[in-house]
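Side chains are part of it too, since the values below use all heavy atoms of this structure and drop only hydrogens, waters and symmetry mates. Numbering starts at 1 and runs along the sequence shown. None of these values were measured; they are calculated from a predicted model. We count ligands from 1, going down the list as the structure has it; atoms in each ligand are counted the same way.
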Amino acid sequence: MSKETLRLDRLLSNLGYGSRREVQQMVRNGWVTLDGNDLTDPNQRIDLAPDLRERLLVDDEPLDPLPGLTLMLHKPLGVTCSHKETGPLVYGLLPERWRQREPTISTIGRLDKESSGLLLMTDDGMLLHRIISPKSAIPKRYRVTLARPLRGDEAALFASGELMLDGEDTPLLPVPMETLSPQSATVTLVEGRYHQVRRMFAAVGNHVEALHRDRIGALDLPADLPPGEHRVLGDAELALVLPPR
Ligand code: URA
């Protein structure tokens, strides 16, 4: 037995299956089974064991991931990392039920509406803060396509730790840059200042036409994860983002 238990009706309603009243009715209808047996008492305490998902079925389907859910999304262009703005939101790309979960799922940092690539999301507030904390200094790699050819001095300037962005009073931490072609490069940031990559290239007289994040820590966006799709992260993948303390 794991130490953590939760009432069945609370577990299901927290996972977005319906209001307390609705999930109580689902249980009484016999739609919820544990190890093949119908559960009939919505007040029954359920042991939140790691293998619960396979053992507890709702309408013959495995239970959704338990709280402590972290996932990666291949963010497409044109969707916003926000709970409240109008227009298409990244949360709209997740299963409908996941949008009703408590605790809620939030993005770990943000990508601009017009940026694509690897976006992490979690319902674990402590994890979120550890990953975005400046103390963790987790590197994030971006592939940049530019409107004009590189001048040739950008890598040295970005690596210098002396580049000051417009309207700011502290220079950027050093940013390693690798040139891929005359008009494309990767840059790896450990900070996340507002529109940082776009503003860095604006500071050297260029313009970012396309921006794609392909790596966070040592976790790569998988080549077989299409834009708009997500995947739940296991402990091993999470350890690539944030090595265990
Ligand atoms: N820098 C930007 O300018 N935009 C992003 O989405 C991420 C980093």
For Arg199, is there an ion pair with Glu168 - N to carboxylate O distance below 4.0 angstrom? yes
Ion pair present between Asp224 and Arg231, side-chain N to carboxylate O less than 4.0 angstrom? yes
Numbered atoms and elements of ligand 1 in range of [X], under 4.0 angstrom, heavy atoms:
X: Gln196; answer: 1 (N), 2 (C), 3 (O)
X: Leu111; answer: 6 (O)
X: Arg198; answer: 3 (O)

Output all residues satisfying salt bridge (charged side-chain N to carboxylate O under 4.0 Å, His left out) with Glu191, sequence neighbours left out; order by chain, then residue number. Arg193
Does ligand 1 come near enough to [X] that some N or O of the ligand is less than 3.5 Å from an N or O of the residue?
X: Leu211; answer: no
X: Asp112; answer: yes
X: Ser115; answer: yes

To the nearest 0.1 Å, how far is atom 1 (N) of ligand 1 from its closest protein heavy atom, and which atom is that? Val197 N, 3.2 Å
Which residue holds the protein heavy atom closest to atom 7 (C) of ligand 1, what is that atom called, and what is the gap in Å? Tyr142 CE2, 3.5 Å
With rounding to the nearest 0.5 angstrom, report the [atom1] to [atom2] distance, [X] to [Y].
X: Leu69; Y: Arg101; atom1: CG; atom2: CZ; result: 5.0 Å
X: Arg55; Y: Thr33; atom1: CZ; atom2: OG1; result: 11.0 Å
X: Leu146; Y: Leu211; atom1: CG; atom2: CG; result: 10.0 Å

